[in-house]
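Here's the structure, in structure tokens; my notes come after.
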Amino acid sequence: GRFGWDHNFGATVLNHVTLAYDRWNSNNYAAGVSAGTNWPATISLANVNGPAFPQFNIGSGFLSIGQQRADDTISNLAEVSDTVSWAVGRHTLTFGGDFRWMQLNNLTQDFNSGYYNFGNVETAAGPGVLGSQGGYSVASFLLGEVDNAGLTAFAHYPSWNQKYWALFVQDDFKVNSHLTLNLGLRWSVDQPRTEARNYTSNFSPTAPNPAVGGLPGALVFATNCGGCNTAWANTFYDDLGPRVGFAYSPGNSGKTALR
């Protein structure tokens, strides 16, 4: 959504305010996820929960059953900006500010429902050499004899927050009827992102490591680092962007312009 408001302060000053909010939902779902079913429980797999249908890798040239694709990325952006335009003689001054709040949520549930691999060994005549030469993975699948399996359990879904702000000024100076100069400067601050619950860590070469008798060099966790910079990076405040441009119209026809 976007809202704009313009207000004239006299004949030479115009103020423009913009309020905006955007939300994106970029999901990467297998077909079974849209059903909203706990598929492992539905097909009687114990102690497993997940939105995707479990993946059964049968082998022997057969396609797998099920796809472990159930991730979603949700992004939010809120923005407030204000621009003032002021015409003074041959100058048109434009100045203002811009503030943005950004959030990225990664809801990954791939392989929550588990993957199950079937091989020939479980239906072979015996172990060792017999196991490598006999048996049939399809038969193992039909009997429910899993060779190996696994799943991914996510303890936390990260939510990243970031802020950006800027101030700017520009002067469109009409030197004469043929030449206009565009002179501007923008100061931007792009703040490093942080995790909403401080579930991040970083290596510190000076932190004492209790596992090796207090020698320096250990992981530091944002949840209990005692006032440390949880973005793990310093904010850069010297991002100055100058702008220089021109518009030149040769002759008196007004049909040609060089920029």
Side-chain angles (χ1 to χ4, degrees), residues 1-4 17-30 32-41 47-52 67-82 96-115 150-168 186-211 216-239 241:
R2 194 174 186 88
F3 170 79
V17 177
T18 299
L19 304 177
Y21 176 76
D22 297 309
R23 181 179 176 90
W24 300 271
N25 190 334
S26 176
N27 58 57
N28 183 24
Y29 288 162
V33 177
S34 59
T37 301
N38 185 351
W39 287 109
N47 303 317
V48 182
N49 297 283
Q67 287 183 314
Q68 286 295 292
R69 195 173 69 245
D71 58 270
D72 193 3
T73 300
I74 301 175
S75 302
N76 297 296
L77 169 64
E79 181 179 4
V80 179
S81 64
D82 185 76
D98 184 11
F99 174 79
R100 305 173 197 174
W101 170 82
M102 295 159 281
Q103 184 185 68
L104 176 66
N105 303 285
N106 190 357
L107 308 177
T108 301
Q109 301 182 73
D110 294 346
F111 292 100
N112 273 16
S113 300
Y115 57 88
L151 59 81
T152 303
F154 295 90
H156 172 66
Y157 297 115
S159 177
W160 300 102
N161 296 325
Q162 188 172 8
K163 296 177 182 178
Y164 167 87
W165 59 90
L167 298 173
F168 56 88
R186 185 181 184 94
W187 175 62
S188 302
V189 178
D190 200 351
Q191 191 179 53
R193 67 180 187 177
T194 57
E195 209 282 321
R197 299 173 183 82
N198 286 332
Y199 283 176
T200 60
S201 62
N202 193 33
F203 177 77
S204 171
T206 59
N209 190 335
L219 279 178
V220 178
F221 297 89
T223 51
N224 60 1
C225 63
C228 68
N229 181 4
T230 57
W232 310 115
N234 295 325
T235 301
F236 184 67
Y237 291 100
D238 298 330
D239 187 3

Exercise. Under the side-chain contact (heavy atoms from CB on, under 4.5 Å) rule, what do E195 and W160 come out as? Steps first, then yes or no, please.
Key: CA-CA 5 Å; E195 209 282 321; W160 300 102; 3.7 Å; yes
Practice problem: Go through the steps to decide whether T73 and W24 satisfy the test side-chain contact (heavy atoms from CB on, under 4.5 Å), and finish with yes or no. | Solution: CA-CA 8 Å; T73 300; W24 300 271; over 6 Å; no
Quiz item: Are N234 and N229 close enough, and set up right, to give a side-chain contact (heavy atoms from CB on, under 4.5 Å), and what steps lead you there?
Solution: CA-CA 8 Å; N234 295 325; N229 181 4; 3.7 Å; yes
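Using modelled atom types, one finds a donor on one side chain and an acceptor on the other under 3.5 Å when comparing D190 with Q162. For the 3.5 Å distance criterion, the side chains of N106 and T108 qualify, holding a donor opposite an acceptor. For the residue pair Q103/N161, the side-chain donor-acceptor check at 3.5 Å is satisfied.
The main-chain N or O of L107 is never found under 3.5 Å from a side-chain atom of D72 such that the two would form a donor-acceptor pair. Panel note: side chain W39, backbone V33; no donor-acceptor pair is recorded below 3.5 Å. Without hydrogens or angle criteria, T230 side chain to A222 main chain gives no donor-acceptor distance under 3.5 Å. Remark: side-chain polar atoms of N209 are not paired, donor with acceptor, to backbone N or O of P216 under 3.5 angstrom.
Inter-residue side-chain proximity for S26 and N28 is flagged as unmet; no heavy-atom pair is nearer than 4.5 Å. Using a 4.5 Å heavy-atom threshold, the side chains of N105 and Y157 count as separate. The closest side-chain heavy-atom distance from S113 to L151 is not below 4.5 Å. Contact annotation: the side chain of E79 never approaches that of Y164 to less than 4.5 Å [non-hydrogen atoms, C-beta and beyond]. No side-chain heavy atom of F221 sits under 4.5 Å from any side-chain heavy atom of N198. W165 places a side-chain heavy atom less than 4.5 Å from the side chain of W187. Between N25 and I74 there is a side-chain heavy-atom pair separated by less than 4.5 Å.
Considering CZ of R2 and CG of D22, their distance stands at 7.5 Å, rounded to 0.5 Å. One distance of note links CD of Q191 with CZ of F236; it measures 15.0 Å at 0.5 Å rounding. Distance OG1/T152 to CD/Q109: 11.5 Å, rounded to 0.5 Å. To the nearest 0.5 Å, the span separating SG on C225 from CH2 on W232 amounts to 4.5 Å. We find the NZ-CZ distance between K163 and R100 to be 15.5 Å, quoted to the nearest 0.5 Å. Distance check, rounded to the nearest 0.5 Å: OG of S159 to CZ of R197 gives 6.5 Å.
Contacts of D82 classified as side chain to side chain donor-acceptor pair (under 3.5 Å), with partners at least two apart in sequence or in another chain: N15.
The nearest pair of heavy atoms linking N76 to Y21 is OD1-OH, 2.7 Å. The shortest heavy-atom contact between P210 and P208 is CD-O, 3.4 Å. Scanning both residues, N38 and G50, for their nearest heavy atoms gives OD1-N, 3.5 Å. Of all heavy-atom pairs between L167 and G97, the closest is CD2-CA, 4.0 Å.
Residue N47 qualifies as open at atom CG: its count of foreign heavy atoms under 6.0 Å is 12 or below.
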